[in-house]
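As structure tokens, the structure follows; a few thoughts come after it.
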Amino acid sequence: LKENMLFIGKMKMDFSSVFSRLGAKYLAYEKPSMAHDAARVSLQLNPRNAHAIAVAGRSALRLGMKDEALSTLREGISMSPDSEDLWSALGETQEASGDVFGAIESYNRALAINPEAVRYYDRILAHTPKDLNLIKRKATTLIRLRRYEEAARSYEDGIEIDAKDKDLW
């Protein structure tokens, strides 16, 4: 009996993962209602599936249910505070709701988890384009990723803001 229970538990986790990935695909194909349904099934199988929570939040946002998206994502972060995907989804939702400061904080939390995710630098810089510290961090990250042309453009952006900053040369 114990082995069967373990097998059933594993199957629930596997199917939860399948439904959350399906929900992400539906989002990619602009089918938020189907994505929301897939995320809900996934969460019935595993309520702690961070990826499914992010899909549920993003699909709720695309369906115009901002309050549900925010509460779903905040609840998910309370269960999985180290989920880059949840912080990113919360940032997107906060940004869409007009909470720029909250979005920046969420993207910073995602960056703390994954410092090489250039997309978060870009999201933050869209709101704080003169943040030299962030521009330097982005450029350094791009160099680590061997994306030299993009790094050079980032340094050039910084030089336009403060040509005297020797860290940009």
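The first residue in the sequence is number 1, and the count goes up from there. Nothing here was measured: the structure is a model prediction, and the numbers come from that model.
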Is there a donor-acceptor pair closer than 3.5 Å between any side-chain N or O of [X] and the backbone N or O of [Y]?
{"X": "W87", "Y": "P81", "value": "yes"}
{"X": "W169", "Y": "A163", "value": "yes"}
{"X": "S71", "Y": "E68", "value": "yes"}
{"X": "Y107", "Y": "E92", "value": "yes"}
{"X": "Y120", "Y": "P115", "value": "no"}

Nearest heavy-atom pair of [X] and [Y]: which atoms, and what distance?
{"X": "V55", "Y": "G23", "answer": "CG1-C, 3.7 Å"}
{"X": "A38", "Y": "Y26", "answer": "CB-CD1, 4.4 Å"}
{"X": "I77", "Y": "L90", "answer": "CD1-CD2, 3.5 Å"}
{"X": "I53", "Y": "L73", "answer": "O-CD2, 3.8 Å"}
{"X": "A69", "Y": "T93", "answer": "CB-CG2, 3.8 Å"}
{"X": "K66", "Y": "A96", "answer": "NZ-O, 3.1 Å"}

Within 6.0 angstrom of K136 NZ, more than 12 heavy atoms from elsewhere
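Above 12, so yes.
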
R48 atom CZ, neighbour heavy-atom count above 12 within 6.0 Å:
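Counting neighbours around CZ of R48, 12 or fewer heavy atoms of other residues, nucleotides or ligands fall under 6.0 Å, so no.
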
Do [X] and [Y] land in one hydrophobic cluster if side-chain heavy atoms of ILVMFWY residues count as linked below 4.5 Å?
{"X": "I135", "Y": "Y121", "result": "yes"}
{"X": "V18", "Y": "L27", "result": "no"}
{"X": "I143", "Y": "L125", "result": "yes"}

Enter the distance from [X]:[atom1] to [Y]:[atom2] here, rounded to the nearest 0.5 Å.
{"X": "E75", "Y": "L86", "atom1": "CD", "atom2": "CG", "value": "11.0 Å"}
{"X": "I124", "Y": "D131", "atom1": "CD1", "atom2": "CG", "value": "8.5 Å"}
{"X": "D85", "Y": "N114", "atom1": "CG", "atom2": "CG", "value": "11.0 Å"}
{"X": "D82", "Y": "R109", "atom1": "CG", "atom2": "CZ", "value": "8.5 Å"}
{"X": "H36", "Y": "L61", "atom1": "NE2", "atom2": "CG", "value": "10.5 Å"}
{"X": "D157", "Y": "K138", "atom1": "CG", "atom2": "NZ", "value": "7.0 Å"}

Compare all side-chain heavy atoms of [X] with those of [Y] and state whether any distance is below 4.5 angstrom.
{"X": "E95", "Y": "V100", "value": "no"}
{"X": "L132", "Y": "D167", "value": "no"}
{"X": "L142", "Y": "Y148", "value": "no"}
{"X": "Q94", "Y": "E105", "value": "no"}
{"X": "L145", "Y": "E150", "value": "no"}
{"X": "R137", "Y": "L111", "value": "yes"}
{"X": "S97", "Y": "L70", "value": "yes"}

Check this for me: does any side-chain nitrogen of one of E84 and R119 sit under 4.0 Å from a carboxylate oxygen of the other?
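Salt bridge: yes.
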
Between D162 and K130, does at least one N-O distance fall below 4.0 Å, as a salt bridge requires?
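The answer is no: the pair does not qualify as a salt bridge.
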
Between the side chains of R62 and S59, is a donor N or O closer than 3.5 angstrom to an acceptor N or O?
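Side-chain D/A pair, R62 to S59: absent.
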
Go through the side-chain N and O atoms of R58 and S88 and say whether any donor and acceptor fall under 3.5 Å apart.
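Indeed, the side chains of R58 and S88 share at least one donor-acceptor pair under 3.5 Å.
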
side-chain hydrogen bond (donor to acceptor under 3.5 Å, both in side chains) against S17, all qualifying residues, sequence neighbours excluded:
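Listed in chain order: R21.
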
Run the side chain to side chain contact (heavy atoms under 4.5 Å, CB included) test on M34 and L22 for me, step by step, so that the C-alpha distance in whole Å, both residues' side-chain angles and the decisive distance to 0.1 Å come before the verdict.
CA-CA 9 Å; M34 295 174 84; L22 178 63; over 6 Å; no

Yes or no on side chain to side chain donor-acceptor pair (under 3.5 Å) for R144 and T141, after CA distance, side-chain angles and deciding distance?
CA-CA 5 Å; R144 264 196 319 273; T141 299; 3.2 Å; yes

